[in-house]
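Step one of this worksheet: look at the structure below.
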Amino acid sequence: MRLATWNVNSVRARVDRIIDFAVRESIDVLAMQEIKCKAEQFPFEMFEDAGYHVEAHGFSQWNGVAIASREQLTDVEHAFPGMPGFEKDHAGPDAPQEARAIGATVGGVRVWSLYVPNGRSLGDPHYFYKLEWLSALQQYTSETLATTPDLALALTGDFNIAPTDADNGDPAVVQGFATHISPPEREAFAALESAGLTDVVRPLVPTGFTYWDYKQLRFPRNEGMRIDFILGSHALATAVTGAAIHRNERKGKAPSDHVPVVVDLDLASPEDDDDRPMIFG
DNA sequence: ATGACTCAATGCTTGAGA
């Protein structure tokens, strides 16, 4: 299975580019973020004509997530358990949730398309919302892997965190003044790894950015950030046979400001189950 | 060239992105 994640920055503005990429690269499962439309506005038919089923989750022109898949998607969820919402400058379990997470199972993999809140600026209510959201995601991950340790779980998406200094090449993003690189955000990212997840792309693609601001010639100058990730459980990580960051998708006419991140998975087929450890006896 | 921001909306300016 070839699994990709891509913050598309409006699915309607560049549906042709997205489908061209998916078909050209033989993507089986494409997790999208920032579709920037309501679910009913998603261009389902164009994806269906290209051979993809789509599950979309969006409420407005902001955020929104979706998963396209050549195989049928099952057990769709429009939020992970405990995901906080945001209302009137505060986050919390009782505030209305935004369309920032969609989960589905395909080919034995539990795939999440995640759009972590931006944070805006240090100390902004959205910054605390971001940290709370990440904390809830960590808790969901811990609980899931405690009950189903052999689950092939993939948390994919735009995490809006540059985990190391090498992941930030944008001179406007400065420690002490900017989000994405602050210690609490990096600690939240590390907590996901402590919960049992691994960045499955970095071992195979050690350097490179996934996002470049549209402003200030950031792309020609290669002043980008690495903020889009595929985090996998042990069962997922051991199935990885390849990975790529498609930098070329930032070129040409009307690109997204993010590029696709891809992994190849060699998952045990159901008939191989006899060779695998039994979890439920 | 990879080139000086882009997208969506009860739109002609504003909010969000990071």
Side-chain angles (χ1 to χ4, degrees), chain A residues 5-18 21 32-43 56-66 85-89 91 96 98-100 113-131 133-134 157-186 188-189 208-229 245-261:
Chain A
T5 184
W6 193 1
N7 179 322
V8 297
N9 185 20
S10 170
V11 66
R12 291 177 294 172
R14 51 188 57 83
V15 59
D16 291 332
R17 269 195 83 129
I18 297 164
F21 169 79
M32 288 168 271
Q33 302 85 39
E34 273 209 275
I35 62 172
K36 284 188 166 175
C37 65
K38 297 171 186 173
E40 61 265 30
Q41 295 173 306
F42 193 96
H57 180 45
F59 293 128
S60 68
Q61 73 268 42
W62 310 123
N63 45 71
V65 285
F86 189 86
E87 183 177 43
K88 294 185 191 123
D89 281 351
E98 298 180 309
R100 295 182 176 277
S113 178
L114 304 172
Y115 180 39
V116 176
N118 171 286
R120 300 193 183 182
S121 60
L122 301 180
D124 189 285
H126 292 84
Y127 177 76
F128 299 111
Y129 170 40
K130 178 180 192 174
L131 294 176
W133 201 94
L134 287 162
D158 177 358
F159 286 77
N160 273 321
I161 300 168
T164 75
D165 288 344
D167 299 323
N168 175 33
D170 187 329
V173 179
V174 180
Q175 190 67 255
F177 298 92
T179 60
H180 296 64
I181 57 172
S182 74
E185 290 165 273
R186 286 179 168 173
F189 190 88
F209 302 134
T210 64
Y211 158 86
W212 297 260
D213 199 319
Y214 287 122
K215 295 182 281 189
Q216 304 293 126
L217 292 173
R218 290 291 186 239
F219 184 56
R221 296 178 191 274
N222 195 28
E223 295 172 339
M225 302 181 88
R226 186 169 176 135
I227 56 177
D228 300 272
F229 299 99
I245 296 173
H246 286 262
R247 192 177 186 282
N248 282 347
E249 289 305 314
R250 187 63 176 77
K251 302 179 183 178
K253 188 171 180 283
S256 170
D257 42 2
H258 297 250
V259 295
V261 177

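Just so it is clear: chains get the letters A, B, ... in the order the sequence lines come, proteins before strands, and each one is counted from 1. Being a predicted model, the structure only gives us computed values, none of them experimental.
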Report task. Establish, yes or no, whether a centroid distance under 6.0 Å links the rings of A:Phe59 and A:His57. Result ->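 Aromatic pair counts; centres sit under 6.0 Å.
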
Query - Minimum side-chain heavy-atom gap A:Glu98-A:Tyr129 below 4.5 Å - result: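 Answer yes - side chains close enough.
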
Between [N] and [M], how many Å separate the two [atom1] atoms, rounded to a whole number?
N      : M      : atom1 : value
B:dG11 : B:dA1  : P     : 38 Å
B:dT6  : B:dT2  : P     : 15 Å
B:dC7  : B:dA18 : P     : 14 Å
B:dT10 : B:dG15 : C1'   : 16 Å

Report task. Verify whether one side chain among A:Asp170 and A:Trp212 offers a donor that lies under 3.5 Å from an acceptor in the other. Result ->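 No, no side-chain donor-acceptor contact under 3.5 Å.
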
Distance in angstrom units between [X] [atom1] and [N] [atom2], rounded:
X        : N     : atom1 : atom2 : value
A:Phe219 : B:dT2 : CZ    : C1'   : 5 Å
A:Arg218 : B:dT6 : CZ    : P     : 14 Å
A:Arg250 : B:dG3 : CZ    : C1'   : 10 Å

**Report entry** Lys/Arg-Asp/Glu bridge criterion (N-O < 4.0 Å) met for A:Glu40, A:Lys38
**Finding:**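 No, no charged N to carboxylate O under 4.0 Å.
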
Report summary line: Under a 4.0 Å heavy-atom criterion, the protein footprint on nucleotides 8-18 of chain B, written with B, S and -, is SS-----BSBB

Query raised in the report: For the side-chain hydrogen bond (donor to acceptor under 3.5 Å, both in side chains) test, which of A:Asn63, A:Asn7, A:Thr5, A:Asp228 pairs with A:Gln33?
Result: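 The side-chain hydrogen bond (donor to acceptor under 3.5 Å, both in side chains) with A:Gln33 is passed solely by A:Thr5 among A:Asn63, A:Asn7, A:Thr5, A:Asp228.
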
Requested in this report: Check for a donor-acceptor pair, side chain of A:Lys130 on one end and backbone N or O of A:Asn118 on the other, with a separation under 3.5 Å.
Outcome: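 The answer is yes, because a donor-acceptor pair under 3.5 Å joins these two groups.
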
